[in-house]
Engineer: 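First the structure, then my questions, so here it is.
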Amino acid sequence: MGLSLIIVYFKWKFLKTKDEQYNHATHFWMKIFALNFAMGVVTGIPMEFQFGTNWAKFSELTGGIIGQTLAMEGMFSFFLESSFLGIFLFGEKLLGHKWHFVTGLLIMIGSWASGFLIIATHSWMQNPVGYEILENGKFVLNNFQALFLNPWLWPSYLHNQAASLVTSSFVVAGIGAFYILSKKNVSFGKLFLKTGVIFGLISSIVVAVPTGDLLAKNVVKYQPVTFAGMEGIFHTEKKGSEIVLIGQPDVKDKKLDNKIAVPNILSFLTYGNWDQEIKGLDQFEEDLHPTNISGLYYAYHIMVGLGTVFIGLMLISLLQLIRGKLFQTKWLLWSLMFMMPFPYIANTTGWYTAELGRQPWLVYNLLRTAAGASPTVSSGNTLFTLLGFIGLYLLLGMLFLLLVGKIINKGPHHVELSTEKI
């Protein structure tokens, strides 16, 4: 999703400057986008089917609500994105550059709309709104508008989109750094590095403030027990809560080991009040606690820690870019290149935080995870299919890296461009 925005930017810059380098960049990144899209389809479809296999009871009870947003994602967003992807890849000569730009814009709109509808589904599971429960236990939607005005939705969506742009920016900057360090395609390397750093700094800040801040405040308001688990607050502190920078949760003894903390900061960041009390896990019944407190705590802190590193690295890179020294600062180029995998890790731990935090619920406070599983699918069958998917996805991942590596090795110059006038 983030890459689609950068591609549109490159095409827009080509229309504005008539510089063919931007059009080469557009085609180069569109090839990588197409590979991402293909892998997303192959890996995403089984996830749709698992609603009817592993989670049949969940689908039966909540299908009247989540089925609508998931169907809209497939029928509108996916088809918009996939239809114009082929036109964008192969139709430049037929369309001309201005309409080629429009098709790229429609691809971006389709991908971002897809993300919105998926996050709308997820947000309803986190904070159910606009529903009623029938006598047979099924959920039905009685307020369609409420589904898209869910207070959980917009902070989550903007946070997710900013995170996708962080990932794309680091990949663009990292490949740019690789070209400069390897002394091939250097002019494109400089373009990619400059673009990635600017987009990366803006999106890294937006992930933290305001979107991450708003999302954390939503967790405090709607899922206070989750927030306590995320922050490792086992016992309520009456005169303000400290923020833990480092520590290891000891769930059995209900404490944090070897912690380094700053007093009262968490209360100030959450409420703007140094002495505001934040409820600890001791204020909630144990059967309402997140089922994997350690996993939740570590996932959240890895995400936040990496996000802080991203801001710092991109800020230093931008300062060096302004000073005209970025392209010669080898330690920064190496850092940007080797940081490429870490936004993927941050995104994954972010989703771990969201999903582990909601447990033991599928629909928060309404439907427990155990009640949504398929009654006729054994744990052995689930494990067997999970191992199969892990193996398949591993092979697909290796194939994806191989194909992307070939595109990067060939470089942006090896793409066919239209010779038609704009």
Side-chain angles (χ1 to χ4, degrees), residues 122-129 150-152 155-156 159 208-209 211-308 348-373:
H122 178 261
S123 296
W124 183 84
M125 294 167 66
Q126 297 282 9
N127 181 48
V129 293
N150 189 339
W152 196 283
S156 297
H159 187 68
V209 180
T211 64
D213 179 61
L214 289 172
L215 192 51
K217 288 175 179 176
N218 262 350
V219 178
V220 175
K221 182 176 181 179
Y222 298 105
Q223 298 182 9
V225 65
T226 299
F227 189 77
M230 287 163 49
E231 295 287 357
I233 306 172
F234 287 96
H235 304 284
T236 303
E237 299 172 21
K238 299 295 183 182
K239 294 184 179 180
S241 290
E242 62 189 10
I243 188 167
V244 178
L245 305 178
I246 297 174
Q248 298 86 47
D250 182 346
V251 179
K252 182 180 178 181
D253 294 327
K254 296 180 172 52
K255 65 176 183 177
L256 283 173
D257 293 329
N258 308 312
K259 71 177 180 180
I260 298 175
V262 183
N264 297 73
I265 291 292
L266 187 61
S267 293
F268 178 76
L269 291 175
T270 306
Y271 292 103
N273 181 350
W274 297 97
D275 299 320
Q276 180 68 44
E277 174 187 303
I278 296 179
K279 291 182 179 180
L281 290 167
D282 60 338
Q283 299 293 309
F284 305 93
E285 296 179 14
E286 287 206 18
D287 67 340
L288 298 178
H289 289 186
T291 52
N292 187 349
I293 293 172
S294 296
L296 172 61
Y297 173 88
Y298 285 122
Y300 174 68
H301 281 79
I302 290 170
M303 175 190 70
V304 172
L306 285 175
T308 306
T348 302
T349 52
W351 276 106
Y352 265 70
T353 301
E355 298 306 305
L356 291 175
R358 193 180 65 245
Q359 299 307 310
W361 306 96
L362 273 176
V363 181
Y364 195 72
N365 270 341
L366 295 174
L367 179 64
R368 285 188 175 261
T369 303

Engineer: Is there a side-chain contact (heavy atoms from CB on, under 4.5 Å) between Val244 and Ile260? Walk through the geometry before answering.
Structural biologist: CA-CA 6 Å; Val244 178; Ile260 298 175; over 6 Å; no
Engineer: Excluding sequence neighbours, so at least two apart, what forms side chain to side chain donor-acceptor pair (under 3.5 Å) with Asp282?
Structural biologist: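 Thr236.
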Engineer: Restricting to pairs with a member in residues 285-306, which pass ring pair (Phe, Tyr, Trp, His ring centres under 6.0 Å), not counting sequence neighbours?
Structural biologist: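 Output for this query lists Tyr297-His301.
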Engineer: Check Thr270 against Leu266 and note the closest heavy-atom contact, atom names and distance.
Structural biologist: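 Closest pair (atom of Thr270, atom of Leu266, distance): OG1-O, 2.7 Å.
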Engineer: Please give me the minimum heavy-atom distance between Ala299 and Thr349, naming the atom from each residue.
Structural biologist: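 Closest pair (atom of Ala299, atom of Thr349, distance): O-CB, 3.4 Å.
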Engineer: Does the pair Thr369 and Gln359 meet the rule for a side-chain contact (heavy atoms from CB on, under 4.5 Å), with working shown?
Structural biologist: CA-CA 7 Å; Thr369 303; Gln359 299 307 310; 2.6 Å; yes
Engineer: Under the side chain to side chain donor-acceptor pair (under 3.5 Å) test, which residues partner Asn365, sequence neighbours left out?
Structural biologist: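 With sequence neighbours excluded, Asn365 shows a side chain to side chain donor-acceptor pair (under 3.5 Å) to no residue whatsoever.
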Engineer: Closer than 3.5 angstrom, by distance alone: can the side chain of Ser241 be matched with the main-chain N or O of Ser267 as a donor-acceptor pair?
Structural biologist: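 No, because the side chain of Ser241 does not come within donor-acceptor range (under 3.5 Å) of the backbone of Ser267.
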Engineer: How long is the span from the OH atom in Tyr352 to the CD1 atom in Ile302, to the nearest 0.5 Å?
Structural biologist: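 Between Tyr352 OH and Ile302 CD1, I get 10.5 Å after rounding to 0.5 Å.
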Engineer: For residues 252-272, which residue pairs qualify under ring pair (Phe, Tyr, Trp, His ring centres under 6.0 Å), counting only residues two or more places apart or in two chains?
Structural biologist: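 Output for this query lists Phe268-Trp274.
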Engineer: Taking the side chain as every heavy atom from C-beta outward, state whether Trp361 and Gln223 have any atom pair closer than 4.5 Å.
Structural biologist: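 Trp361 does not reach Gln223 side chain to side chain.
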Engineer: With side-chain contact (heavy atoms from CB on, under 4.5 Å) as the test, pick out the partner of Asn127 among Val363, Asn150, Asn218, Val219.
Structural biologist: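 Considering Val363, Asn150, Asn218, Val219, a side-chain contact (heavy atoms from CB on, under 4.5 Å) with Asn127 is found only for Asn150.
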Engineer: Would you give the length of the straight line joining atom CD1 of Ile233 to atom CD of Glu277, rounded to the nearest 0.5 angstrom?
Structural biologist: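 Reported value, rounded in 0.5 Å steps: 10.0 Å.
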Engineer: If I compare all heavy atoms of Ala228 with all of Gly280, which pair ends up nearest, and what's the gap?
Structural biologist: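 Answer, listing the atom of Ala228 first, then Gly280: CB-C, 4.0 Å.
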Engineer: With rounding to the nearest 0.5 Å, note down the distance linking CD1 in Ile246 to CG in Leu256.
Structural biologist: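 Ile246 CD1 to Leu256 CG: 12.0 Å, rounded to 0.5 Å.
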Engineer: Return the minimal non-hydrogen interatomic distance between Pro155 and Leu215, and the atom names on each side.
Structural biologist: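 For Pro155 versus Leu215, the nearest heavy atoms are CB-N, 4.1 Å.
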Engineer: Could you state the interatomic distance from CG (Leu281) to CD (Glu231), rounded to the nearest 0.5 Å?
Structural biologist: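 That separation rounds to 11.0 Å.
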Engineer: Backbone N or O of Gly357 within a donor-acceptor pair of the Thr226 side chain at under 3.5 Å?
Structural biologist: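 Pair found, side chain donor or acceptor close to backbone of Gly357.
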Engineer: Filter on salt bridge (charged side-chain N to carboxylate O under 4.0 Å, His left out), then keep only pairs touching residues 348-361, sequence neighbours left out; what's left?
Structural biologist: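 Applying salt bridge (charged side-chain N to carboxylate O under 4.0 Å, His left out) to every pair that reaches into residues 348-361, excluding sequence neighbours, yields Glu355-Arg358.
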Engineer: Going from NZ on Lys238 to CD1 on Ile278, what distance comes out if it is rounded to the nearest 0.5 angstrom?
Structural biologist: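 Taking NZ in Lys238 and CD1 in Ile278, the distance rounds to 13.0 Å.
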Engineer: When rounded to the nearest 0.5 angstrom, what is the spacing between NZ in Lys279 and CZ in Phe284?
Structural biologist: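 The distance works out to 5.0 Å.
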Engineer: Where do Trp152 and Tyr222 come nearest, in terms of heavy atoms and distance?
Structural biologist: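 For Trp152 and Tyr222, the tightest heavy-atom pair comes out as CZ3-CB, 3.9 Å.
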Engineer: Which heavy atom in Gly372 sits nearest to a heavy atom in Leu362, and how many Å separate them?
Structural biologist: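 Nearest pair, atom of Gly372 first, then Leu362: CA-CD1, 3.7 Å.
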Engineer: Can you list every pair that meets salt bridge (charged side-chain N to carboxylate O under 4.0 Å, His left out) and has a residue in residues 254-273, with sequence neighbours left out?
Structural biologist: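 As it turns out, the salt bridge (charged side-chain N to carboxylate O under 4.0 Å, His left out) pairs with a partner in residues 254-273, which skip direct neighbours, are Glu242-Lys259, Lys254-Glu286, Lys255-Asp257.
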Engineer: Looking only at atom types and distance, does a side-chain atom of Asp287 sit under 3.5 Å from a main-chain N or O of Pro360, one as donor and one as acceptor?
Structural biologist: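 A pair under 3.5 Å: no.
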